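First listed ligand is number 1; within each ligand, the first listed atom is number 1. For this chain, numbers begin at 1 and follow the sequence in order. These numbers were taken from a predicted model, which means no experiment stands behind them.
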Amino acid sequence: MDNELKQVVEQAQAEAAGVSDIPTLQALRAKYLGKKGPLAAFFARMKDVPADQRRAFGQSVNEARSQVEAIFQSAHEALEAKALAAKLERERVDITLPGHGPVTGTVHPYTKVVNLLTDFFVGQGYVVKDGPEVESDYFNFECLNIPADHPARDMQDSFFLEGGNLLRSHTSPVQARTMQDHTIELPFKIICPGKVYRRDNDATHSHQFGQIEGLCIGEDASLANLERTLTDMFKYLFGDKAEARFRPSFFPFTEPSIECDVSCFECHGKGCGLCKGSGWIEVLGAGMVNPDVFRLNGIDAEKYQGFAFGIGIDRMAMLLYGIDDIHRFYQDDLPFLKQFGKR
Ligand code: DAH
């Protein structure tokens, strides 16, 4: 009898070990432990067992039953553990993949030129000033020796606001504002980078663009100082080979006035498409501060002299980086902007 029971247990063990899914295991369990199973058959034989052996018989069958139950229990647990492990493997998150990192922008070519020139001028002892973009007629024109009926106003047609103010057409009003600011002691050197506005539109002109105004006032500030400053600036921006050329010009607020060209860094003076064959590229206006401007702004014109210049920021950036259309600066075109790097 014990042998038969042992066989049942061993067979259950062997069969359970071969099962790989829970429903099959449950069916097999029912086959062994159910009413029609081999163990039930042993219990059915109980009544035929002699009375003095019944107790021992019963105990053996019960024990075998417990063993079979335990076999199925542990087979069940093993299958569950296997299923869980498979699920975890399937849903595994690969934390070793590199992350995306923060998305950082690039510096706009306009800002790059402002930063470069600010570094250059601050290195020369200039102080950076700011001024309003909505400007009065007085500061934008009058104080700069451009009275109401002066034809020079035609060169700077801007956007007028109700009440006579306008969007400043150049950064030069900051010259007048600084001269009239009594908290600033003479002599001084300032630059003012900022936006200006004009009624203009073509590949090299936009209704909005940037200028850097420069003003140096001292008892002996000279045209030679101005020319040296601008020549050094070009070499700083375009490299040591860059040369500057100065031509007479006219601005109401400077006397004498000059227009300044830089040697074409593409052809080095030979003449090419960029410089339109001349070997030179026109880049800025400058001059010695007109004594009338000193008088209009309360500075002793007998004692002081000064020089001033106005640099087109967008124009400089176009030359420096080979940009063909000024409107690219304002079009939020990411592939264009990403070319300019982080600094
Ligand atoms: N304000 C002039 C313009 O926008 C540029 C300029 C010329 C500025 C000569 C100056 C200067 O300071 O001295 O056309």
Neighbouring residues of ligand 1, heavy-atom cut-off under 4.0 Å: Gln156, His170, Ser172, Gln175, Arg198, Gln211, Glu213, Phe251, Phe253, Thr254, Gly285, Ala286, Gly287, Ala308, Phe309, Gly310
Do the numbers put Arg198 on top of the ring of Phe209, so that NZ or CZ is under 6.0 Å from the six-membered ring centre and no more than 45° off the axis? no
Salt-bridged, Lys276 to Glu282, with N to O below 4.0 Å?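 Answer for the salt bridge query: no.
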Given 3.5 Å as the limit, does a donor-acceptor pair link the side chain of Asn225 with the main chain of Ser222, or not? yes
Salt bridge (charged side-chain N to carboxylate O under 4.0 Å, His left out) contacts in which one or both residues fall within residues 248-264, not counting sequence neighbours: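 Every salt bridge (charged side-chain N to carboxylate O under 4.0 Å, His left out) pair that includes a residue of residues 248-264, provided the two are not neighbours, is Arg245-Asp261, Arg247-Asp261.
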Pairs flagged by salt bridge (charged side-chain N to carboxylate O under 4.0 Å, His left out) wherever residues 69-84 is involved - sequence neighbours left out: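 Sorted result for residues 69-84: Arg65-Glu69.
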Under the ring pair (Phe, Tyr, Trp, His ring centres under 6.0 Å) rule, what pairs show up with a residue in residues 273-292, not counting sequence neighbours? none
